[in-house]
A.B. asks: 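Have a look at the structure that comes next, please.
Bear in mind that the values here come from a model prediction, so they are computed numbers and not experimental data. Numbered from 1 within each chain, the chains take letters A, B, ... in sequence-line order.
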Amino acid sequence: MVLSRFWYLVLSLVAGAAIGAALLAHGIFNRQVDVALEDALRRDRREIEAALKLEARAQIDQTAAFAADGDLRSILRNASARTTDNELGDLNRRLKERLNAVNSGLRGYAGDIVFGVDRQGIIIAQLGPNSAKFGAGIGTFPLVDRALSGYLRDDAWVYDGQAYRMAARPIIEGGQYVGAIVHGKRYDQELCERLSRRLDGATVGFFRADQMLSTYAPADVAGAPSQADVSSHLRDVGQDAKLLRGEVTDAFDVQGRARAIYSLVTGSASSLQVGYVVSRPRHALASPTQIFERATNDDVREVPWPLVATVTILLFILGMLFVWLERDRPMSRLRKAAAELGQRKLDRFDLSRFGGGYRKIAEGVNQALEKVAEQGGIVGGAPKPANLDALLGPTPGDQGPSFFAFANPGENPAELSIPPSAPPEQLRMAPMPQLPKVPAVPQIQSPPPAPPPIAAPPSPPTPVPSAAPMPPLPPLPTPPSIAPEEAPESEAPPPVPPPPAAPAAATTTPATPLSAPSRPQAAPGTSVSAHEGPTVVANRSPQQSVPVIPAPGSGPAKPVPRPMPAPVGGKPGAAAAPAPGTPPLPSRPQPGGAPKPAAAAAPPGSGTSPGGLRKATILGMPPAGGAETTGTGTKVVVDEQGGNDEGATMITQVPESLIQQTASGSFRAVSDDQAEDIHFREVFQQFVAMKKQCNEPVAGLTYEKFLTTLKKNKEQILTKHGGKRVRFSVYEKDGKAALKATPVKE
Amino acid sequence: MAVKGRDGSQKIARGALAGVLGSVALLICGTSMAVDLRGSLRIPDAYATQGPTRTNERPLYYWEEWNGFLDPRPPHVDAARKFAVVLTGGGIQAQPTVVKLEGGSLLPETIVARVGTVLRIENRDDFAHELFVEGLPAFSAEATSSGAARTVSLATAGSYVMRDRAVAHLEGHLNVIPDLAAVGTLESDGRYAFRGVPAGTYTLKVFAAGKVVASAPLTLAEGREITVDPLTLAPPSAQGH
């Protein structure tokens, strides 16, 4: 599940990175919004200054209407020339009329307050609230003083508690300055609205100290700050150092929803903290998901949706692939194996097919099956046998269970006729002790009858991962006839022969051709070579090392197969050697190739094969695919050349003495159980020897435990595949001792 | 007895006559000891273009341009508003100072008062004023409506700036000194006069804003009028305006 976990890690990292990127983008976006908003406010302030300047210019220009009125000029001339204040009443009335008439004609620039002053700055008449009493003056106001001096000028006043934007113009009559008109308009909402529309959506207001004079917030702008919003900071604004210096303030945050800047007006009223505020809403993101609400259709169209979809689909497919590789496929395998297990096609899970957790499941199932089998096979609380299931497994290069060496494809194997044997229930061969040196093989004068082809026992359908399946072996031939009356059944089984000698040991007996582990005694009348008796050759890979079997007189020893189990319960007469001159054993077929029956009977005494192995006679055991069963015996097809028959067992002719001994009845027959016990002991010895050779520990490995396991496996195999017996063989697998079980059908 | 009665009456009458004659003599003598002082000021033109002290850097206007028809009137200085001429020393105390709010500003804008006296401010404008002096707790911002007056006790000597919370351009300078003897009357053209100043030695000082722009020692001998030479004022740049 490494890929899936890695994919989950990648997805988690991507999700975390996406969340982090979203939060980061959220902060960056809001910061950019604030920067842009402050820039916009500064531009707004410059716009307002320009607008107020134009307003002042327009107001000054509008006062020209007053200066153009002749009556007004005359009145002011008379007022400036008076010597007493008795005329002020009449002058006031007349001037007020003219001021009213002219002011009402100014339309949008009609003054909220208008003064007509004489050349001393004394108010002669006034329009607006709280008309001045006679004799009051405004001549010290810089605006009026400059107007009386002949200048047009604007200003900002706070007059009688009200803030006005002022404009003044001198009145000239008769070549003299006779007075001035002072025109004022309030900082009202109409001005705020006009400025707000000019700024396209900003809130504009005028204030004096901590009080708002007027405000306008556009109704069509979402979130536009209200008067309450912009006035909330006036107390702080009044203490702002920048404002007190006459500069524009920094942007004030308006409850997180807007930004506002404040500035003083141009004019003398600035010293009384008369100013204006401009504010805009702050469209920041409250959360990263709000960005989707801000997306426009153009934004959506600019997104490369095909690329996004493609990447998404590819990532999904990749993830599904990982899931299939690491979950679905192994799960399917487990499911199929479980189905086969249920159908009794398997007796246990092949752990090599699974990995990770599925392997553990399979192991658990196998253990459960073992426990079930133990409960059914163990009586009286027998100790748990050693777990040899892990040892039992497919033989490397296993081409199917077989006890025989097989012919190489394309070669003409020699044929070997095996005389027919007695019925199996009448005679059993006991395992033979290691025989002494066998004299030279007598020549076979007459060609032996062609043995019938031997069908190899069917191999159990054990799952073998790599080896090519072996062709079905011909059935076991009937063993050569052996005199049954001379086989006492009550005799004790012969002693277990010693374990097979090592390859080095095998090389030390050059005079003993084909030195091998114990073999059953040859039946009387059969010739048995040093490598006597029916030989069971387990399938093994060509890579397996084999002990050296020196050919007679061949000099240095040659590699020979590993010790092989002696056939238990072999066919009667299996030990009977064919007549001298029996053809050699057929060679083992190569993996992947159908074994061809060994053909061409070798001439007697034909000597060694090119491979150095002496051709031998198979006693009663047919080679795989190369034997035919005839009425007179079993015809065994043997590989004449030997060839690439590493591990192939070549059986020499049975010594005549042995044959005679068998024929004389000195051969002791044993029961099936005894033979099986002997075989089990042989296997145990071979297994221990193999473990020692492989430098494996043998402590705790007792025969009882070993026997229990063998019996259990035997029962399982016989139950599943049928047959009468099970043959076990020891071999080396990956540097360790292993066992191979094969049912034998008779 | 009749003779004695006639002699007593005559004595009383003579005594009364002596008393009256003595008072008259004293009055004549006192009057003849006060001096009238007259003079004039030579005011540099720089004072005509001097504007009020700016409180911030905001410009005072967007536009100021000549009317295009008649030449502008030359700038002039209203000495009566701009300056204050006083006599210090002499061992006499000045009367309380009275200031008017007229034409939208203080008259005079430069005020000189004696420590320990009361300053009276009369509002003759058509609108309210809220005069205050920073740093003088006794002179906090207080609205003075049109036609009303306000008095302020001056307990601490010093030079203070007066401003108005209701009128932006108003700026006055209050100079409280300990040895103020008399405050002269100053005309717009710079002529001043002191009436009934006792003979003695004084110092004639001219204040502009918070500075003394001219001073001259004077010894007033007995006489009816004394005219001093014109006193040239120091230019405003030298005063730090």
Side-chain angles (χ1 to χ4, degrees), chain A residues 49 52-57 60 67 119-123 126 130-133 135-144 146-161 167 169-170 172 175-177 209 243-247 263-272 274-275, chain B residues 48-78 80-82 100-109 123-130 132 141 143 145-147 161 163-172 188:
Chain A
E49 284 291 317
L52 290 177
K53 187 173 183 178
L54 291 176
E55 286 283 330
R57 180 75 246 185
I60 290 173
R119 61 185 297 170
Q120 304 300 324
I122 303 300
I123 298 173
Q126 176 185 342
N130 302 328
S131 295
K133 59 181 183 290
I138 53 175
T140 61
F141 286 78
L143 174 67
V144 179
R146 295 299 288 172
L148 293 174
S149 297
Y151 293 93
L152 312 176
R153 187 175 168 177
D154 66 277
D155 201 348
W157 282 8
V158 175
Y159 185 83
D160 201 15
R169 172 184 290 272
I172 300 171
Q176 296 181 3
Y177 292 106
L243 188 77
L244 294 177
R245 287 196 301 268
E247 301 171 2
S263 176
L264 298 176
V265 296
T266 295
S268 57
S270 62
S271 61
L272 301 181
V274 175
Chain B
T49 56
Q50 187 183 28
T53 304
R54 301 278 301 278
T55 58
N56 55 61
E57 297 177 358
R58 291 295 297 163
L60 296 177
Y61 50 85
Y62 288 117
W63 307 96
E64 184 181 84
E65 60 188 28
W66 173 54
N67 63 82
F69 294 99
L70 190 61
D71 289 342
R73 289 166 60 181
H76 65 281
V77 179
D78 187 351
R81 286 186 181 271
K82 196 74 175 178
K100 292 179 288 187
L101 288 167
E102 188 174 295
S105 185
L106 286 166
L107 184 63
E109 295 175 354
N123 186 6
R124 297 186 180 183
D125 280 331
D126 196 34
F127 44 85
H129 288 267
E130 291 183 42
F132 68 97
S145 58
S146 175
V161 177
R163 296 194 186 277
D164 193 335
R165 292 186 187 276
V167 180
H169 68 278
L170 190 147
E171 182 181 272
S188 300

A.B. asks: So among Y159(A), W157(A), F141(A), which one has a ring-ring contact (aromatic ring centres under 6.0 Å, His included) with H169(B)?
C.D. replies: F141(A)

A.B. asks: Check each atom of A56(A) against the heavy atoms of chain B and say whether the ones under 4.5 Å are side chain, backbone, both or neither.
C.D. replies: both

A.B. asks: Would you say T140(A) and L107(B) make side-chain contact, with heavy atoms under 4.5 Å?
C.D. replies: no

A.B. asks: Can you say whether I172(A) sits under 4.5 Å from chain B via the side chain, the backbone, both, or neither, judging by heavy atoms?
C.D. replies: side chain

A.B. asks: Heavy-atom cut-off 4.5 Å, strictly under: side chain, backbone, both or neither for E102(B) against chain A?
C.D. replies: backbone

A.B. asks: At what distance, to the nearest 0.5 angstrom, does CZ of R119(A) lie from CD of Q176(A)?
C.D. replies: 6.0 Å

A.B. asks: Under the side-chain hydrogen bond (donor to acceptor under 3.5 Å, both in side chains) test, which residues partner D164(B), sequence neighbours left out?
C.D. replies: H129(B)

A.B. asks: Considering only heavy atoms and a distance below 4.5 Å, find which of L264(A), D155(A), V274(A) pairs most often with chain B.
C.D. replies: L264(A)

A.B. asks: Please look at L148(A) and chain B and tell me whether the side chain, the backbone, both or neither of the residue comes under 4.5 angstrom of a heavy atom of that chain.
C.D. replies: both

A.B. asks: At a 4.5 Å cut-off on heavy atoms, which part of R146(A) comes close to chain B: side chain, backbone, both, or neither?
C.D. replies: side chain

A.B. asks: Mind ranking D154(A), L272(A), D160(A) by heavy-atom pairs under 4.5 Å with chain B and telling me who comes out on top?
C.D. replies: D154(A)

A.B. asks: Does any N or O in the side chain of S268(A) come within less than 3.5 Å of the main-chain N or O of A156(A), such that one atom is a donor and the other an acceptor?
C.D. replies: yes

A.B. asks: Test of understanding: with side-chain contact (heavy atoms from CB on, under 4.5 Å), list the residues that count as partners of A48(B), not counting sequence neighbours.
C.D. replies: P75(B), V77(B)

A.B. asks: May I ask you to say whether R58(B) pairs ionically with E49(A), meaning some side-chain N is under 4.0 Å from a carboxylate O?
C.D. replies: yes

A.B. asks: What part of V265(A) lies closer than 4.5 angstrom to a heavy atom of chain B: side chain, backbone, both or neither?
C.D. replies: backbone

A.B. asks: Measure I60(A) against the heavy atoms of chain B and call it side chain, backbone, both or neither at under 4.5 Å.
C.D. replies: side chain

A.B. asks: At a heavy-atom separation under 4.5 Å, does L143(A) approach chain B through its side chain, its backbone, both, or neither?
C.D. replies: neither

